[in-house]
Every structure is written in C-alpha cells, then in structure tokens.
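First the structure, in the form of structure tokens, and then the observations on it.
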2 protein chains.
Amino acid sequence: MALKYSRQREAIKEFVMTRLDHPTADEVYMNVRQEFPNISLGTVYRNLTLLSDMGELLRLRVGDGVDRFDAAIHPHYHFICQECGSVEDLNIPIMESFNDHAGKGFGGQILSHSAQFYGKCSNCLKNNS
Amino acid sequence: MALKYSRQREAIKEFVMTRLDHPTADEVYMNVRQEFPNISLGTVYRNLTLLSDMGELLRLRVGDGVDRFDAAIHPHYHFICQECGSVEDLNIPIMESFNDHAGKGFGGQILSHSAQFYGKCSNCLKNNS
DNA sequence: TTTCAAATTAGTAATGATTACTGATACCAT
DNA sequence: ATGGTATCAGTAATCATTACTAATTTGAAA
C-alpha cells in the first residue's frame with residue numbers, strides 16, 4: 001500500500017487549495033470534472049479522505065449534514081452564516097485555556113476543542129435581509 | 001395544523017427526558033418500542049424533529065454522522081470521548097464574551113457559538129486504554 | 001525501454017441516516 | 001356520537017458516503 005502518484009489526486013488537492021470557502025465533495029467533483037470529465041465521485045471521496053487522513057487537508061463537519069474540506073490545516077475556528085450557509089475561517093488563535101476552563105469539575109480528560117460561530121456573514125449583512 | 005396530542009410523542013419526549021446521555025433516533029426507537037411495539041422509526045424521527053422545532057428538545061450534531069437529542073435545552077457545551085464516542089454535557093456556563101472576541105476583525109456579525117470538547121471520559125480513563 | 005506487480009481508476013452497487021408518501025387510525029371540538 | 005384533521009404504521013425515496021470490481025496507470029526493477 002505504498003502511495004502512488006495520481007493526476008486526479010493532484011488536481012483534487014490543487015483545487016481545494018485555491019479555495020478559501022470550504023467546498024463539499026460534490027463541489028470538488030463538479031470542478032475537477034472540468035479537467036477530468038470522466039472522474040467519478042467515488043474517486044473524489046476516496047482522495048479527499050486519503051488527503052485528510054494524511055493531514056494534508058482538514059475534513060470539516062459543521063453540522064449541516066455534508067462534509068467540507070479545508071486546505072488550511074492549522075487548527076482554527078469557523079463561522080457559519082445562518083442566512084446563506086456559507087462557511088468561513090476565523091483568524092483568532094485557538095484559546096488553549098478553554099480546555100482547562102471546561103475541565104473544571106469534569107471527571108474525564110479534555111485534550112482539545114472545536115468551536116463554530118453563527119450569525120450573518122458580511123455579504124448577507126450588506127443585503128440586510 | 002393545530003398540534004394534537006399523541007401518546008407516541010409523549011412517550012418519546014418522556015424517554016429523552018430520562019436520559020443524561022444523548023440518544024440517537026434509533027436508540028429512542030429501540031426503547032419506545034417496549035411501550036409501543038408497532039411504532040415506526042419514521043414516527044420517532046417526525047416527533048423528534050417536531051419537538052426540536054418547538055424548542056422542547058435540542059437536536060445535536062457532534063460530527064459522528066448521527067443526530068442526537070438532548071432534553072437539556074439551555075445552551076451548553078458538549079464533551080465527546082475519543083475513545084468510546086460517548087457524549088456528555090459540560091456544566092460550565094456559555095462564555096458569551098467569546099462571540100465578541102471571535103468577531104475581532106471579522107466583517108460579519110456573530111450572534112452565538114457552539115463548542116465541543118474532546119478527550120477521554122472518566123470511564124475510559126479508569127480502564128486506561 | 002520493456003515488464004509486471006501493486007496502486008488507482010471509473011463505474012456502479014450497497015449502505016446508513018433521514019425524509020417523504022399513503023391509506024388507515026386516533027384525537028378532539030362541535 | 002360525528003366529522004374534520006393531525007398523527008400513525010408501513011414503506012418507498014432521497015442524500016451523502018462507502019464498498020466492490022474489472023480495467024488502467026504508475027513506478028521500480030529487469
């Protein structure tokens with residue numbers, strides 16, 4: 001099971017890296033299809049999973065039932081717009097002390113956390129809906 | 001579409017309220033079936049969704065691909081054991097200032113957040129696996 | 001450069017969670 | 001008691017994701 005190069009995997013990774021939003025497998029599929037018209041959705045999923053497992057991508061689950069993929073692999077928080085569903089990275093550093101804070105009076109051991117922030121993105125604010 | 005009483009819905013809500021862990025729809029189904037052997041999984045889902053929409057239950061998505069339901073409807077953080085997958089409530093208050101903190105240098109408007117903490121639960125710590 | 005085993009692919013079938021549909025039943029105001 | 005409608009059980013459909021398989025691609029050794 002030594003890893004072998006594949007042009008499809010390369011294109012998938014390249015595409016995710018160009019995006020600041022957090023494309024779903026289907027969005028990746030739709031776009032990579034322009035370069036590889038016969039690529040299959042299974043190939044996209046397999047490679048996204050592979051790249052995530054290798055730590056070259058982040059698999060993101062923000063609770064909308066679809067997996068999203070993020071080329072920014074450093075730990076960070078996410079913002080989800082309640083209006084349009086868009087997902088953005090937030091630039092504040094991870095609050096490490098939050099782990100200890102949450103562990104007060106808790107019997108187990110807390111090692112990490114993730115957080116999602118909700119509200120309106122700048123676009124939806126502008127269109128004041 | 002006035003709401004009508006149903007014994008099934010009552011039993012579903014009752015069951016979730018007795019539980020401190022966060023049962024999935026299937027777990028609710030398995031248990032309510034003891035009282036209503038013919039209840040269908042669809043009925044369980046419909047009522048869990050209805051109760052969540054009415055704000056009497058919380059629908060929880062912690063990223064394991066299954067929806068969980070929580071009778072503790074006040075906002076609170078969750079802990080997920082990386083060992084056994086169990087989900088527990090954390091008793092610390094929501095850190096409201098986190099919203100403003102995260103909004104620094106962000107163009108949109110942050111109204112709320114959720115957070116999940118990961119590690120080992122007390123049970124798995126005890127069995128030091 | 002040819003060769004060949006192993007990894008990867010495209011295509012498709014299978015899975016698992018959830019939702020939608022339908023005719024029968026239960027609730028409840030009149 | 002009755003009639004209208006919400007709810008039900010049962011089942012089919014959907015959606016995201018994973019698994020399977022025969023054919024193709026890769027890359028290291030001959």
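So you know, we letter chains A, B, ... as the sequences are listed, proteins then strands, and number each from 1.
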Nucleic acid contacts - residues 12-20 of chain B versus DNA chain C, non-hydrogen atoms under 4.0 Å: none
What is the distance, rounded to the nearest whole Å, between atom [atom1] of [X] and atom [atom2] of [N]?
X: A/Glu10; N: C/dT9; atom1: CD; atom2: C1'; answer: 16 Å
X: B/Leu51; N: D/dT7; atom1: CG; atom2: C1'; answer: 13 Å
X: A/Met54; N: C/dT8; atom1: CE; atom2: C1'; answer: 13 Å
X: A/Glu35; N: C/dT9; atom1: CD; atom2: P; answer: 13 Å
X: B/Tyr29; N: D/dC8; atom1: OH; atom2: C1'; answer: 13 Å
X: A/Glu27; N: D/dT17; atom1: CD; atom2: C1'; answer: 16 Å

For [X], side-chain hydrogen bond (donor to acceptor under 3.5 Å, both in side chains) partners two or more places apart:
X: A/Glu56; result: A/Lys13
X: B/Asp26; result: none
X: B/Tyr29; result: B/Arg33
X: B/Glu14; result: none

Separation of A/Cys121 SG from A/Asp21 CG (nearest 0.5 Å): 11.5 Å
Nearest-0.5 Å distance, CD of residue A/Gln116 to CG of residue A/Leu90: 10.5 Å
If you look only at distance, which donor and acceptor atoms sit under 3.5 Å apart when one is on a side chain in residues 60-71 of chain B and the other is two or more places apart or in another chain?
from, atom 1, to, atom 2, distance (Å)
B/Arg61, NE, B/Asp67, OD1, 2.9
B/Arg61, NE, B/Asp67, OD2, 3.4
B/Arg61, NH1, A/Gly63, O, 3.0
B/Arg61, NH2, B/Asp67, OD2, 3.0
B/Asp64, OD1, B/Val66, N, 3.4
B/Asp64, OD2, B/Arg68, NE, 3.3
B/Asp64, OD2, B/Arg68, NH2, 3.2
B/Asp67, OD2, B/Arg59, NH1, 2.4
B/Arg68, NH1, B/His22, O, 3.0
B/Asp70, OD1, B/Ala72, N, 2.8
B/Asp70, OD2, B/His22, NE2, 3.1
B/Asp70, OD2, B/His76, NE2, 2.9
B/Asp70, OD2, B/His78, NE2, 3.3

Side-chain hydrophobic cluster, 4.5 Å single linkage: members besides A/Tyr5: none
Remaining members of the apolar cluster that contains B/Leu20, side-chain heavy atoms under 4.5 Å: none
Protein-nucleotides 21-24 of chain D N/O pairs closer than 3.5 Å?
none

Footprint string (nucleotides 12-30 of chain C, 5' to 3'): B base within contact, S backbone only, - free, heavy atoms under 4.0 Å: -----SBB-------BS--
Enumerate, atom names and distances included, each donor-acceptor pair closer than 3.5 Å involving a side-chain atom of residues 97-107 of chain A, sequence neighbours excluded.
from, atom 1, to, atom 2, distance (Å)
A/Asn99, OD1, A/His113, ND1, 2.8
A/Asn99, ND2, A/Leu111, O, 3.4

Any residue meeting side chain to side chain contact (heavy atoms under 4.5 Å, CB included) with A/Ser40, in chain and number order, not counting sequence neighbours: A/Thr43
From D/dC8, C/dT9, D/dT7, nucleotide with atom closest to B/Arg9 side chain: D/dT7
